[in-house]
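To keep things clear, I will list the structure first and then write my remarks on it.
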Amino acid sequence: MRLGWPLREISLFKSLGTPLISEMTRNQRKRTRNKRGRKIPSTPRIVQSINSLLGNGQSQLQNQIVKLNENAAYGRSQNLRMAVSYLVERSLISSAHVVFLHRKYTHASHADLAAICRGIYETIVNCLYIIDDKSDLRLASFWIRSFKEEIKLNDERIKWMSHSNENIASAAEAEYNAVIDPIDIQKANISEWLGVDIAAMPKWPTLLKRAQEAGDIWAYFYDVRYRSYSSWQHGDLSRIAFSPGFQSNQPNLKERSLTESMHILSWCYDMMYYFAISLNSRVGDDSTGCIIKELRENTQKRLRPYLALYGKEHPSDKEYFEAR
């Protein structure tokens with residue numbers, strides 16, 4: 001069984017590669033020192049080093065994103081500045097949570113990391129989508145959609161307020177929001193706030209269409225990463241073989257959940273990198289673009305030795321398992 005590598009051409013893990021373990025002897029696989037006599041770090045040390053390097057590299061990219069956010073807000077309406085700042089802040093905080101969760105629960109966090117990264121992805125796509133519209137009509141559409149969801153949720157609470165179970169009814173009543181205005185009033189308010197003609201407002205598109213508008217890399221991420229991680233969050237069984245509990249009884253699958261979580265951590269870093277690149281292409285300059293690319297190159301350079309060590313310890317080719 002071979003582990004999929006959907007970001008082989010883009011992810012930092014493309015440099016990991018797969019050594020020809022079948023050609024190595026058992027003693028060579030087990031040795032703890034390299035040919036120069038230097039001690040080979042343990043797997044936990046390797047993983048923590050990769051986590052630290054990706055986390056530090058991500059922080060450096062985030063500093064550039066914060067600066068670019070200021071450029072994106074310059075000269076735009078107050079409402080758009082508020083919306084963009086919120087989306088940028090949310091993506092940066094969530095990506096920091098990914099690094100922390102991976103470091104704290106390295107083996108058991110891959111499904112939760114995937115859920116957080118899906119939220120980061122949607123947030124970035126929405127941010128880029130509304131920035132590209134100078135008329136604020138997309139922002140108006142985003143607001144309308146948000147209010148519609150709130151109204152729909154409130155209507156559901158009304159239904160449960162009359163339930164025969166007192167606990168359910170009282171909980172629904174406590175959560176009911178009696179001050180939410182009807183959608184027609186919401187639209188009028190948004191038209192006044194943003195100074196736009198609601199009649200000219202486009203319909204809020206699907207996530208895929210928003211991703212395609214944001215750029216090819218985001219459409220690619222949607223097809224290759226986002227869709228697969230969606231099924232994880234819905235609790236399907238596609239990753240049962242990667243769970244720590246299942247692996248405890250399957251020695252030949254040892255550390256697969258570890259590798260899976262590292263793939264997701266790498267994707268989180270990639271999203272920060274391409275978010276910075278995407279923002280810079282819209283509101284930045286060549287100088288900032290060079291800084292962003294140099295930051296990534298430096299992170300890759302520092303990661304390569306650790307990725308090579310990890311690849312030797314945990315190859316994904318079926319030949320490895322056959323050799324054992």
- Query: Looking at side-chain heavy atoms only, is the closest gap between L307 and I50 below 4.5 Å?
  - Reply: yes
- Does CG in D285 sit with more than 12 non-hydrogen atoms of other residues, nucleotides or ligands closer than 6.0 Å? yes
- Task: Assign the ring pair F221 / Y121 to parallel, tilted or perpendicular, where the plane angle (0 to 90°) is split at 30° and 60°.
- Result: perpendicular
- According to a 4.5 Å side-chain heavy-atom criterion applied to Ile, Leu, Val, Met, Phe, Trp and Tyr, with indirect links allowed, do F100 and Y105 form part of one hydrophobic cluster? no
- Query: With a 4.5 Å limit on heavy-atom distance, are the side chains of Q62 and S59 in contact?
  - Reply: yes
- Query: Considering residues, nucleotides and ligands other than E173, do more than 12 of their heavy atoms fall under 6.0 Å from its CD?
  - Reply: no
- Check the surroundings of atom CD in Q78: do more than 12 heavy atoms from other residues, nucleotides or ligands lie under 6.0 Å from it? no
- Task: Step by step, work out the side-chain contact (heavy atoms from CB on, under 4.5 Å) result for W218 and M271.
- Result: CA-CA 9 Å; W218 302 106; M271 284 195 289; 4.1 Å; yes
- Query: Is the NZ or CZ atom of R296 both under 6.0 Å from the centre of the six-membered ring of Y273 and within 45° of that ring's axis?
  - Reply: yes
- Query: What is the minimum heavy-atom distance between P202 and L137, and which atoms define it?
  - Reply: CD-CB, 3.7 Å
- Message: Run R157 and L153 through side-chain contact (heavy atoms from CB on, under 4.5 Å) and show every step you take.
- Response: CA-CA 7 Å; R157 294 184 183 120; L153 179 61; 3.2 Å; yes
- Pair N126, T123: side-chain N/O donor-acceptor within cut-off below 3.5 Å: no
- Query: Got a second to check how far R302's CZ is from S52's OG, nearest 0.5 Å?
  - Reply: 9.5 Å
- Is L92 close to M272 at the side-chain level, that is, under 4.5 Å between some pair of heavy atoms? yes
- Message: Is the shortest side-chain heavy-atom distance between F147 and I180 below 4.5 Å?
- Response: no
- Item | Where T106 and L258 come nearest, the two heavy atoms and their spacing | CG2-CD1, 2.9 Å
- Message: With clusters defined by side-chain heavy atoms of hydrophobic residues (ILVMFWY) lying less than 4.5 Å apart, directly or transitively, does I185 cluster with I190?
- Response: no
- Message: With a 4.5 Å cut-off on side-chain heavy atoms, are I120 and V98 touching?
- Response: yes
- Message: Please tell me whether L128 and I217 are part of a single hydrophobic cluster in this structure, the criterion being side-chain heavy atoms less than 4.5 Å apart.
- Response: yes
- Message: Once ring-ring contact (aromatic ring centres under 6.0 Å, His included) is applied, do any residues pair with Y129, and if so which ones, sequence neighbours excluded?
- Response: W204
- Note on the structure: Correct closest heavy-atom pair for R225 and S228 would be O-OG, 2.9 Å
- Should the heavy atoms of other residues, nucleotides or ligands under 6.0 Å from CG of D216 be counted, would the total exceed 12? no
- Task: Can you see which heavy atom on S91 is nearest to which on I124, and at what distance?
- Result: CB-CG1, 4.1 Å
- If you measure only the distance, is there a donor-acceptor pair under 3.5 Å linking the side chains of R227 and Y222? no
- Message: Within the structure provided, determine whether H102 and I264 are in side-chain contact (heavy-atom separation under 4.5 Å).
- Response: no
- Under the 3.5 angstrom rule, does the side chain of S191 hit a backbone N or O of D197 as a donor-acceptor pair? no
- Message: To check you understand the geometry: which heavy-atom pair defines the closest contact between I151 and P182, and what is its length?
- Response: CD1-C, 4.1 Å
- If two hydrophobic side chains count as joined below 4.5 Å and joins carry through other members, does Y226 share a cluster with V224? yes
- Message: Between K159 and E156, does the salt bridge (charged side-chain N to carboxylate O under 4.0 Å, His left out) criterion hold? Intermediate values first, please.
- Response: CA-CA 5 Å; K159 178 182 70 175; E156 294 297 325; 3.0 Å; yes
Sequence neighbours excluded and cut-off under 3.5 Å, please list the side-chain donor-acceptor pairs for residues 79-90, or say none.
unit_1 : atom_1 : unit_2 : atom_2 : d
N79    : ND2    : W193   : O      : 3.3
R81    : NH1    : R76    : O      : 2.6
S85    : OG     : R81    : O      : 2.9

- Query: If you group Ile, Leu, Val, Met, Phe, Trp and Tyr by side-chain heavy-atom gaps below 4.5 Å, do L61 and V66 land in one group?
  - Reply: yes
- Check: Q60 and N56 side chains under 4.5 Å, non-hydrogen atoms: no
- Close side-chain approach of Q186 and I183, heavy atoms under 4.5 Å: yes
